[in-house]
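In what follows, chains carry the letters A, B, and so on, assigned in the order in which the sequence lines appear, proteins first and then strands, with residues in each chain numbered from 1. Quick caveat, the model's predicted, so the values are computed rather than measured.
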Amino acid sequence: MRFDELVYAVVRQIPRGRVASYGQVALLCGNPRASRAVGWALRRNPAPGEEIPCHRVVNREGRLAPAFVFGGPDAQRSLLEAEGVAVDDEGFVDMERYAWYGPTEPPGR
DNA sequence: AGCCTGACTCAAA
DNA sequence: CTTTGAGCCAGGC
């Protein structure tokens, strides 16, 4: 299986209203250091939207991807806010509150 | 095989 | 806090 397919498989599991960091996705793919490769894979996302919610992937600090990536300065923000994820003016999301813990989704939050 | 790129991350100045 | 530099990984050429 291609690495990017693995990335998509993971991203596809991120629930609505939650976000995951590139490092988190890389970890779930088995390569904690492959965060860059994750971004590389998402760059050519074959099915944006509910299929592969790449807008739910943010960097380690909860910072959204650069504007050009989603074709607009508020594209990703709109998608996230639409599903209940608050995004501040600087394009940051509260990781403590929206971070996805993984496929198993441990207790608490 | 080698070199380059990037939606990343960490450490240091 | 901002700016650099370096390590990392997969894929495109």
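Side chain of A:E51 to backbone of A:R12: no donor-acceptor contact under 3.5 angstrom is found.
Protein atom CD of A:E61 is 11 Å distant from nucleotide atom P of B:dC8, rounded to whole Å. To the nearest angstrom, P of B:dC8 lies 16 Å from CD of A:Q24. Atom CG in A:N45 sits roughly 19 Å away from atom P in B:dG6 (whole-Å rounding). For A:Y22 and B:dC10, the OH to P distance is 14 Å, given to the nearest whole Å. Taking atom CH2 on A:W40 and atom C1' on B:dG6, their separation rounds to 10 Å, with Å as the unit.
Residues A:N45 and A:V11 fail the side-chain proximity criterion, which asks for heavy atoms closer than 4.5 Å. Using a 4.5 Å heavy-atom cutoff, the side chains of A:F3 and A:N31 are in contact. At a threshold of 4.5 Å between non-hydrogen side-chain atoms, the residues A:R36 and A:Y22 do not count as touching.
Contacts between residues 64-77 of chain A and DNA chain C, counted as heavy-atom distances below 4.0 Å, involve no residue at all. Residues of residues 25-39 of chain A that place a heavy atom closer than 4.0 Å to DNA chain C, in numerical order, are A:R33, A:A34, A:R36, A:A37.
Taking CZ of A:R60 as the reference point, atom OG of A:S35 lies at 10.5 Å (rounded to 0.5 Å).
Here the closest heavy-atom approach between residue A:R18 and residue A:Y101 is recorded as NH2-CD1, 3.7 Å. Between A:M95 and A:N59, the closest heavy-atom pair is CE-O, 4.3 Å. In this structure, A:S21 and A:V57 approach most closely via the heavy-atom pair C-CG1, 4.3 Å. The two atoms that bring A:I14 and A:R56 nearest to each other are O-NH1, 2.7 Å, heavy atoms only.
Within 6.0 Å of CZ on A:R63 lie more than 12 heavy atoms contributed by other residues, nucleotides or ligands.
Here A:R60 lies in heavy-atom contact (under 4.0 Å) with sugar-phosphate atoms only.
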Decide yes or no on side-chain contact (heavy atoms from CB on, under 4.5 Å) for A:V10 and A:W100, but give the supporting numbers first.
-> CA-CA 11 Å; A:V10 172; A:W100 178 51; 4.2 Å; yes
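First and last contacting nucleotides of DNA chain C toward chain A (any atom under 4.0 angstrom from a heavy atom, 5' to 3' order): C:dG7 to C:dG12.
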